[in-house]
Structure formats: structure tokens, C-alpha cells
Amino acid sequence: MKTALLFTALVSSALPTPSAQAATACDTFVKCGSYSGEGSRRDTDGQDLELFKEKVVISSAAEKTALLTMSILGKGPAEKTYELTMNFQDDGSFVMTQGDHLYASGICANGVCTYGMQPFTWPGHEPAVANAGYIRFTKDGIERSMLVSAPDGVSLQTSTLPRQ
Amino acid sequence: MKTFLVLLSLTLPALASAQSPTACEKYLTCGVYEGSGSYRTPNGEELGSFAEKVTISSTGEIEARMVVVVTGKNSSGSTYELDIKFAEGGAFRMTQHGRLYATGICSLGVCTYGMIPFLNDGSEVTVANAGFMRFTNKGLERHMLSEAEDGRLVQLSVLERQ
């Protein structure tokens, strides 16, 4: 009986416990949460071109998948919302999709995610728009910086979003 | 025999043109590009300049090699030998001596990228670099945003095709 109890104790301790659950994408690659604040887009001389409000919500969907929802309210009356899925590799590299479409590709490491977005164009507007930047997780929230090259020139977007 | 030769002469060009396109034909414009660049604060204040040479060659259907040589005014220069492997849709992984260096997407004559964030010895601020290369009629324009402990910089290079 003593042997049986000892065996049961040994087996029980080897079984998965809640603390032994697989790490989520939020534990490994990004800091999940809700972040909200303001940002600006400036030209290469530092002049403000646009101010906007921004909200970012990051949640874990699986061990290597996170969902990022970004809402931006700029000059126009309507808020733009982007619902994005990040699929990670073990080394922190990720592909971001919007629905079934490739949206960006990047790498998360050391509390920062860098990314390059899918270039795009629309009729009558050449050359293609290019966007690349990074999200930095700080103790207070998120800082996001992005370089934008559009037909009207190059500009820099920066946002500071405190954690809610 | 005559029929065989005619058939062969018809088949060979068809076979040659049926070769798979290389990475240079599908995703980027291979060649040698040379010129100069500068790095500036986000407010446009120039902090320094450099000479730059970029050589891009195809190493396979979905693979390319990019060699970047950057030389500052008073430096011997830094060379980066980078291997690029593409996936469907133009997404790519870039490695340096087998180690992940950057990922990005090439499409519509532009390659955007984010480099692997890293920590310098003794620093607590992760260095972040992201940017894009645009292939133009004349050559290549490269923009990169960098942030380190001492602040944020924008790099711009204009390189002519040689």
C-alpha cells in the first residue's frame, strides 16, 4: 500500500499541472493588453502633417499566434480598424495577415517588434506605398514608430500609447 | 534524321524559355548599385554621411544574395553579406551567416523589412531598425528608421545602377 501511494504521488507530480501549460504568444513574443493614446505623422523636417488617436489591443490566440486590433481616428470622421493575426516562428519572426491576405512580416525580440508591411498601390497613384517600423513595449505601454513612403513623400509616424 | 534535327531545334529554345524564373525576375532587381547616403534626426538635421555599394544577385528560383558595403568618412567600412529566401507572396527571410537578420516583403518594386532587434553590451535599450528599398528607373533608394539608446535616426541612400 505504501508503495502504491508513493507511486501515485510520483505519477501525479509528473502529470501536467496548470503551471506547466504551454506558454502563449503573449508570454513569449509580445505583451498582451490594451493600449490607448495619441500619435502624429511628420515630414522629414519634423513638421506635423497629421495628428491621430490610436488604440491597440493585443491578445494571445494560441502558443504561437496573437491577435492585434488597431483603431486609428485621424482627420476623417470615421475610425479605421485593422484586425490582424500574427503567426510566430520559434525565433520570434512572424507573418501578419489581415483575413487571408499577407499584411506584414517582422521579428519580435528583446521587447521590440520590427516589421515591414506589404507594399501597395492604387490606380493613378504611383509609386507603391511602403511602410516599415517597430513597436517597442515599455514599462508604461507601447511606443510605435513607422516610416511611410507614399507618392507625396516620406513621413514618420510616432505614437505613444499608455497601457490601459 | 532531318525530322529529328528540326524537332530538336524547335524543342531546345522552348526548353530554355521554360526555365523557372529566378528571384531577380520575380521579386527584386539584381545588379550593382553605388552612391551615397546620410543619416539625420527626425527633424531633418544631418548628422553624418557615408558611401554605399549594394550588389544583388540571384542564387536560385527563390533565393538571392545581397552584399552591402557602407563606408563612413573616417572608417574602413562595414560589409554585410546577406542571404535572402523568398516565400509565396514575396515574403522573405534574410540571414547573415545562417543567423536570422531580417524579414520583410518584396512587391511592386519595393522591399520593406524589419531587422532583428538586438541589445548592445551594457545597454538596456533594444536597438530597432526597419525600412524599405525602392527600385527606381535609375537605381535604388533605401530608407531606414533606427532607434537606439541615443535616440532615433533616419537613414537615406540614393544609389545609381552601375
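Being a predicted model, the structure only gives us computed values, none of them experimental. In what follows, chains carry the letters A, B, and so on, assigned in the order in which the sequence lines appear, proteins first and then strands, with residues in each chain numbered from 1.
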Classify the angle between the aromatic ring planes of Phe50(B) and Tyr39(B) as parallel (below 30°), tilted (30 to 60°) or perpendicular (above 60°). parallel
Okay, Leu100(B) and chain A: the region with an atom under 4.5 Å from a heavy atom over there is side chain
In terms of heavy-atom pairs under 4.5 Å, which option from Glu147(B), Met144(B), Met115(B) contacts chain A the most? Glu147(B)
With side chain to side chain donor-acceptor pair (under 3.5 Å) as the test, would you mind laying out the steps for Thr138(A) and Asp140(A) before giving the verdict? CA-CA 5 Å; Thr138(A) 67; Asp140(A) 300 320; 5.0 Å; no
NZ/NE/NH1/NH2 to OD/OE distance under 4.0 Å, Arg41(A) and Asp48(A): no
Presence of salt bridge, Glu38(A) and Lys53(A), under 4.0 angstrom: no
Test side chain to side chain donor-acceptor pair (under 3.5 Å) on Ser105(A) and Thr103(B); report intermediate values, then the result. CA-CA 6 Å; Ser105(A) 174; Thr103(B) 69; 3.1 Å; yes
In terms of heavy-atom pairs under 4.5 Å with chain B, the winner among Cys113(A), Cys108(A), Ala128(A) is Ala128(A)
Name the option with the most non-hydrogen atom pairs under 4.5 Å to chain B; the candidates are Pro119(A), Ala109(A), Ser145(A). Pro119(A)
Looking at Ala102(B), Ala128(B), Gly131(B), Gly44(B), which has the largest count of heavy-atom pairs under 4.5 Å with chain A? Ala128(B)
Need one label for Thr121(A): side chain, backbone, both or neither, based on atoms under 4.5 Å from any heavy atom in chain B. both
Suppose a student defines contact as a heavy atom less than 4.5 Å from any heavy atom of chain A. Which residues in residues 80-93 of chain B would they list? Gly89(B), Ala91(B), Phe92(B), Arg93(B)
State which residues pass side chain to side chain contact (heavy atoms under 4.5 Å, CB included) with Thr65(A); sequence neighbours excluded, sorted by chain then number. Ala61(A), Ala62(A), Thr85(A), Asn87(A)
Let me know if Tyr103(A) has heavy atoms under 4.5 Å from chain B in its side chain, its backbone, both or neither. backbone
Scanning both residues in full, the closest heavy-atom pair of Thr97(A) with Leu102(A) reads CG2-CA, 4.3 Å
Can you name the nearest heavy-atom pair linking Pro151(A) to Pro127(A), along with the distance? CG-O, 3.8 Å
Under a 4.0 Å threshold between the charged nitrogen and the carboxylate oxygen, would Glu50(A) count as salt-bridged to Arg42(A)? no
Any pair with a residue in residues 121-146 of chain B that passes salt bridge (Lys or Arg N to Asp or Glu O under 4.0 Å), sequence neighbours left out, goes on the list, sorted by first then second residue, please. Glu52(B)-Arg142(B)
Any chance you could lay out the salt bridge (Lys or Arg N to Asp or Glu O under 4.0 Å) test for Glu34(B) and Arg161(B), step after step, and finish with the verdict? CA-CA 7 Å; Glu34(B) 216 166 342; Arg161(B) 195 183 173 111; over 6 Å; no
Here's a test for you: under side chain to side chain contact (heavy atoms under 4.5 Å, CB included), which of Thr126(B), Val127(B), Asn129(B) qualifies with Pro117(B)? Thr126(B)
Residues Glu45(B), Arg40(B): salt bridge by 4.0 Å N-O rule: no
Contact winner vs chain B - Asn131(A), Asp43(A), Val129(A), Leu147(A), heavy-atom pairs under 4.5 Å: Leu147(A)
What are the residues of residues 154-164 of chain A, in order of number, with any heavy atom under 4.5 angstrom from a heavy atom of chain B? Val154(A), Leu156(A), Thr158(A)
